[in-house]
Chemist: 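Right, I'll just put the structure down here and ask away after.
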Amino acid sequence: MTDIICPLCGKPNPEELDECQYCQAPLKVAGFIASPEDQEDFSQIFPPSPDQAGEEDQDTQPESPPPSEQSIPDWLKQTEASFLKPSEPEPEELSSEQLSEQIDALINLPSTPAEPQKSAIDDEWLTSLLSEAGAIESIPEGEVLLERAVETGEETSTPAGEETTQEEEEPPAVPAERPAWLTNLEASSNIKLDGGMQPSEVPEPEEQEASVEETGVPGASEHVEIPDWISKVSFEEVPPEPKEPEPPIEPAEIPGWLEALRPSEEATPTAPVEDVSAADVVTAGPLVGLRGVISAHPSAIQARKPPTYSIKLRVTEEQRARVQMMEELLAEEQKPKPPTSKRIITSQNIFRLAIALVLILPIVWMIIAKSQQSPLPQPANYPGVIDFFQQVQQLPAGAPVLVAFDYEPGFSGEMNSAVSTLLSQLMAKNTYLTLVTTAPSGVALAESLVKDAGTGLAGSLSSYPYYTDLGYLPGGTMGLLGLASSPKTVLPYSLEGIDVWASAPLNTVSSVTDFGAVIVITNDPDTARAWIEQVGPVLRAEDGPILMVTSSQAEPLIRPYYEASPSQVQGMVAGLAGGQAYSRAVGRQPQNGVWDAFSMGVTVSILIILIGGIISMVFMLQASARKRED
Amino acid sequence: MKRILPITNAVIAVVSGLIVLFGYFFPGLLSGIQSVLIGWAIIIAAFALLVGVFNLVMVHWKKTGTEGSNSIYSIVLLISLFITIIVAGLSGPTGSWTLWIFNNFQVPVEVSLLAVLAIVLLYAGARLLSRKPKWYTILFLITVLLVLVGSAPLFLAGESAPLSALRSWLSQVPAIAGARGLLLGVALGTVATGIRILIGIDRPYGG
């Protein structure tokens with residue numbers, strides 16, 4: 001009976017089977033037919049099962065192997081089997097007794113003297129093949145012997161003592177690397193190592209040595225296919241015996257005929273060439289006539305008119321109703337809402353009205369009644385008033401005086417008292433008034449006040465004739481600088497268009513220093529400062545003074561110029577109180593009740609603030625007490 | 001041309017500024033050209049006033065057609081402006097009709113504005129403590145009361161010398177200290193701005 005040894009699991013199978021009855025591996029492709037000797041060996045290792053034994057009894061007729069198999073030498077079969085052996089066959093689960101028996105059988109295998117003869121026969125067969133190929137002559141005898149020794153595992157005739165010495169001297173054996181050309185040849189051959197030994201799975205030399213030591217016969221592995229799991233189990237369970245040192249395996253020399261089969265390394269693989277024979281030929285554009293390229297003709301990239309789609313939406317009735325509702329909502333949002341009517345009579349409005357009445361009514365009453373109950377302020381109590389009066393009083397008669405009306409008409413109630421007194425005093429001194437202003441409304445203000453002051457003079461029925469109005473001086477500080485340096489250049493004509501600089505008394509005036517005094521009437525501290533800074537440096541103390549008539553809000557800022565040493569302002573009158581004090585100094589006692597109205601207004605204002613503050617505090621405390629109670 | 005004009009403007013501005021500035025230090029040497037430059041500046045400023053008036057007319061002329069019900073204010077302004085110009089042109093800037101308009105319209109309007117301001121400030125002072133008062137609120141209110149008391153003699157109570165002295169100290173020391181600090185800051189800023197313009201870093205005239 002001829003069985004087929006499964007290359008995967010190593011078990012014998014009947015010849016008629018195409019697949020292994022144990023592992024279902026294909027047998028006809030990768031397996032081989034075992035010889036009767038092998039079957040005996042397998043029967044020792046793998047005792048047949050009862051079913052299998054029965055089948056074997058039925059097939060007792062010896063069958064000769066097919067001619068093709070007969071021509072294959074045994075060593076080549078063994079080599080094929082070792083190559084086709086699975087790398088990790090799944091071992092069957094055996095009992096410990098069976099394992100021990102198998103291990104004993106492997107260790108105590110009887111020596112087969114026929115093996116060296118077989119290898120010799122194989123060598124002869126190979127020698128005959130090589131002789132036929134004409135390459136035997138090129139193989140040295142030593143190499144042939146070495147190959148035999150490697151194939152059979154037979155030890156060389158070297159003495160043991162020499163082996164030990166050689167092992168001690170030589171470094172430990174390094175597993176021989178497979179040459180690249182052999183790897184490539186193996187890769188290009190039709191026999192694949194599927195299920196066989198991969199290059200990365202080359203057994204270690206130690207394992208090979210261990211297997212040789214275990215069997216005691218170097219060529220035992222040629223005849224018996226031992227699964228890896230058996231070798232592992234035996235290697236693990238049996239304690240390693242003190243092995244004798246073996247000579248290292250010398251690297252085999254490649255025979256010449258095999259070297260001749262080595263592929264040329266110089267022949268480098270070329271890049272694959274694409275076959276464009278079936279590609280289209282470009283018929284237009286700059287690449288015309290070329291095959292297998294993309295045409296660069298504009299028609300290839302010509303944009304086409306996009307297809308038109310209907311923009312009409314399919315809207316359902318429900319969606320249309322919702323859209324209409326949304327549009328109505330948006331339309332209502334855009335409509336201006338009528339303003340909510342605010343209540344006119346509120347507590348705040350009543351409070352404001354009450355404050356206005358409380359403040360206005362007494363003031364009006366004082367003015368109507370021309371009350372004189374409050375004493376006029378003393379000039380000595382207001383700094384600058386006496387100096388102001390004295391500076392004006394010291395002006396020579398007929399001297400030109402520059403008077404600047406730089407205050408807003410809104411401050412007339414505060415300023416006019418002092419200005420009227422000033423103009424009266426100047427007119428009494430018969431000075432020549434030269435009016436100028438840096439405010440657009442100052443021209444009319446000055447003209448109005450001068451006329452009022454002139455008609456108010458005792459015994460005079462006409463306006464004061466000795467004055468000229470130069471009008472508006474533009475340019476701010478620049479205009480003031482020009483006026484200080486050259487008034488004739490900056491303001492050559494009066495408002496009537498007369499060249500006042502050509503006639504007396506201004507024909508003697510070439511600069512601001514030629515005026516008897518410069519009197520600035522302003523409610524703005526910045527304007528007063530501009531006059532002091534631009535005109536003051538031109539004026540010297542002996543030339544003429546700078547006098548200031550200011551409002552109460554500008555007084556704190558102008559007062560340091562007056563109190564400086566040397567003073568930059570030689571006299572000042574500030575506010576209504578200063579005007580009243582100056583009037584008192586001049587000797588004019590105004591009987592219009594303005595001072596009593598001012599005193600009443602200040603008193604009422606203080607009372608309103610005090611009472612309002614107390615009431616606010618009470619309400620606030622009550623509110624905070626309520627919050628605490630809550 | 002676009003590069004030359006800005007440089008020319010800068011040169012003119014810097015040179016003019018330096019001449020006027022050094023005119024303060026060397027009045028005898030540069031006073032002539034300084035006066036000329038100042039005269040030009042005054043003329044330009046006067047012309048700027050006319051340009052402002054023209055711009056005011058144009059703005060309110062446009063508002064008369066676009067502002068709807070609010071255009072009545074623009075109409076009133078334009079009518080008042082043209083009437084004043086006509087009256088002042090006919091009777092002169094110091095004519096009787098011009099002074100009548102001034103004394104009966106401009107002065108009362110401006111005075112009444114200040115009177116309304118006084119009422120509003122008084123109302124705010126009375127309600128100053130109605131909300132959660134802070135310490136500086138109370139301090140502000142006390143200062144206001146002291147200044148008011150020291151500004152004028154109380155009716156039927158006369159003038160209090162200590163209160164007047166206190167009012168004088170408040171207005172001359174704390175108030176002036178703060179005001180002077182502000183003025184010094186403004187002055188430094190003005191000097192810095194003037195220097196930047198003189199050396200051509202800032203060019204408010206363009207370029």
Side-chain angles (χ1 to χ4, degrees), chain A residues 351-352 355-356 359 373-375 377 381 408-413 440-441 443-445 447-448 451 469 471-476 478-479 481-482 485-486 489-490 495-496 537 552 555-557 559-560 575-577 595-596 598-600 602-603 605-606 608-613 616-617 619-620, chain B residues 20 24 27 31 34-35 38-39 41-46 48-49 92-94 98-99 101-103 106-107 109-115 118-120 122-123 125-133 141 144-145 148-149 151-159 161 164 171-172 175-176 179-180 183:
Chain A
F351 189 40
R352 288 172 184 160
I355 289 177
L359 187 63
Q373 296 185 12
S374 298
N381 295 336
E408 296 297 325
F411 289 85
S412 299
S441 59
V443 176
L445 186 64
E447 191 71 23
S448 177
K451 287 183 177 179
D469 195 346
Y472 171 66
L473 176 63
M478 193 70 70
L481 179 60
S485 59
S486 177
T489 305
V490 176
L495 286 179
E496 288 82 11
S552 295
E555 185 253 345
L557 288 173
R559 191 167 165 182
L576 181 63
W595 183 244
D596 275 16
F598 178 71
S599 178
M600 175 63 76
V602 169
T603 305
S605 298
I606 292 170
I608 288 174
I609 291 175
L610 282 176
I611 295 171
S616 298
M617 289 287 289
F619 280 125
M620 188 190 64
Chain B
V20 175
Y24 285 96
S31 60
Q34 183 191 30
S35 300
I38 289 171
I42 292 170
I43 293 171
I44 292 172
L49 182 63
T94 56
T98 305
L99 294 180
I101 291 175
F102 175 77
N103 290 323
Q106 187 170 358
V107 173
V109 168
E110 292 193 17
V111 171
S112 61
L113 282 176
L114 290 178
I119 299 292
V120 171
L122 190 59
Y123 172 76
R127 288 179 54 84
L128 195 60
L129 297 178
S130 61
R131 298 191 177 182
K132 213 170 188 180
L141 202 59
V144 168
L145 290 174
L148 281 176
V149 170
S151 298
L154 297 179
F155 190 71
L156 301 178
E159 190 174 3
S164 296
S171 62
Q172 288 300 315
I176 287 300
R180 286 292 168 187
L183 287 176

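Labels below follow one simple rule: chain letters A, B, ... track the order of the sequence lines, proteins then strands, and each chain is numbered from 1.
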Chemist: Heavy-atom distances under 4.5 Å only: say whether A:Glu408 touches chain B with side chain, backbone, both or neither.
Modeler: both
Chemist: Atom CD1 of B:Ile176 and atom CD of A:Glu555: how far apart are they, to the nearest 0.5 Å?
Modeler: 8.0 Å
Chemist: Distance from A:Leu610 atom CG to B:Leu145 atom CG, nearest 0.5 Å?
Modeler: 5.0 Å
Chemist: Check whether A:Leu557 gets within reach of chain B through its side chain, its backbone, both or neither, counting any heavy atom under 4.5 Å.
Modeler: both
Chemist: Could you report the tightest heavy-atom contact between A:Trp595 and B:Pro153, atom names first, then the distance?
Modeler: CZ2-CD, 3.2 Å
Chemist: Closest heavy-atom contact between B:Glu110 and A:Gly410?
Modeler: OE1-N, 3.1 Å
Chemist: Relative to chain A, which segment of B:Val149 carries a heavy atom at a distance below 4.5 Å: side chain, backbone, both, or neither?
Modeler: both
Chemist: I want to check something: taking the side chain as every heavy atom from C-beta on, are B:Phe102 and A:Glu447 in contact at a cut-off of under 4.5 Å?
Modeler: no
Chemist: Side chain, backbone, both or neither: which part of A:Thr489 has an atom under 4.5 Å from a heavy atom of chain B?
Modeler: neither
Chemist: A:Ser412 versus B:Val107: any side-chain heavy-atom pair under 4.5 Å?
Modeler: yes
Chemist: Top residue by heavy-atom pair count (under 4.5 Å) with chain B, among A:Pro474, A:Gly612, A:Gly475?
Modeler: A:Pro474
Chemist: If I measure from the heavy atoms of chain A, does B:Ile44 come under 4.5 Å with its side chain, its backbone, both, or neither?
Modeler: neither
Chemist: If you count heavy-atom pairs within less than 4.5 Å of chain B, which of A:Leu473, A:Leu445, A:Ile611 leads?
Modeler: A:Leu445
Chemist: Output the distance between atom OG (A:Ser441) and atom CD (B:Gln106), rounded to the nearest 0.5 Å.
Modeler: 5.0 Å
Chemist: Taking all heavy atoms of A:Ile355 and all of B:Ala126, pick out the closest pair and write down the distance.
Modeler: CD1-CB, 4.4 Å
Chemist: Taking every non-hydrogen pair under 4.5 Å, which of B:Gln34, B:Gln172, B:Arg127 racks up the most with chain A?
Modeler: B:Gln172
Chemist: Tell me, side chain or backbone of B:Leu183 under 4.5 Å from chain A's heavy atoms, or both, or neither?
Modeler: side chain
Chemist: With heavy-atom distances below 4.5 Å as the criterion, would you say the side chains of B:Tyr24 and A:Leu481 are in contact?
Modeler: yes
Chemist: Using non-hydrogen atoms only, which part of A:Leu576 is less than 4.5 Å away from chain B: side chain, backbone, both, or neither?
Modeler: neither
Chemist: Please report the closest heavy-atom contact between A:Pro409 and B:Val111, naming both atoms and the distance.
Modeler: O-CG2, 3.6 Å
Chemist: I'd like to check the salt bridge (Lys or Arg N to Asp or Glu O under 4.0 Å) partners of A:Arg352; sequence neighbours left out, ordered by chain and number.
Modeler: none
Chemist: Taking all heavy atoms of B:Thr94 and all of A:Lys451, pick out the closest pair and write down the distance.
Modeler: O-NZ, 3.3 Å
Chemist: Side chain, backbone, both or neither: which part of B:Ala175 has a non-hydrogen atom closer than 4.5 Å to chain A?
Modeler: neither
Chemist: Please give me the minimum heavy-atom distance between A:Ser616 and B:Leu129, naming the atom from each residue.
Modeler: CB-C, 3.5 Å
Chemist: With chain A, which of B:Val144, B:Leu114, B:Ile43 has the greatest number of heavy-atom pairs at distances under 4.5 Å?
Modeler: B:Leu114
Chemist: Please determine, among A:Ala444, A:Gly482, A:Gly575, the option with the most heavy-atom pairs under 4.5 Å with chain B.
Modeler: A:Ala444
Chemist: Calculate, to the nearest 0.5 Å, the distance between atoms OG and CG belonging to A:Ser448 and B:Leu99 respectively.
Modeler: 5.5 Å
Chemist: Working to the nearest 0.5 Å, report the span between CD1 of A:Ile609 and CG of B:Leu141.
Modeler: 6.0 Å
Chemist: Please flag which part of A:Ala577 lies under 4.5 Å from any non-hydrogen atom of chain B: side chain, backbone, both or neither.
Modeler: side chain
Chemist: Could you look at B:Ser171 and say if it's the side chain, the backbone, both or neither that has a heavy atom under 4.5 Å from chain A?
Modeler: both
Chemist: Is it the backbone or the side chain of A:Tyr472 that comes under 4.5 Å from a heavy atom of chain B, or both, or neither?
Modeler: side chain
Chemist: Can you find a heavy atom in the side chain of B:Ser130 that is under 4.5 Å from one in the side chain of A:Met620?
Modeler: no
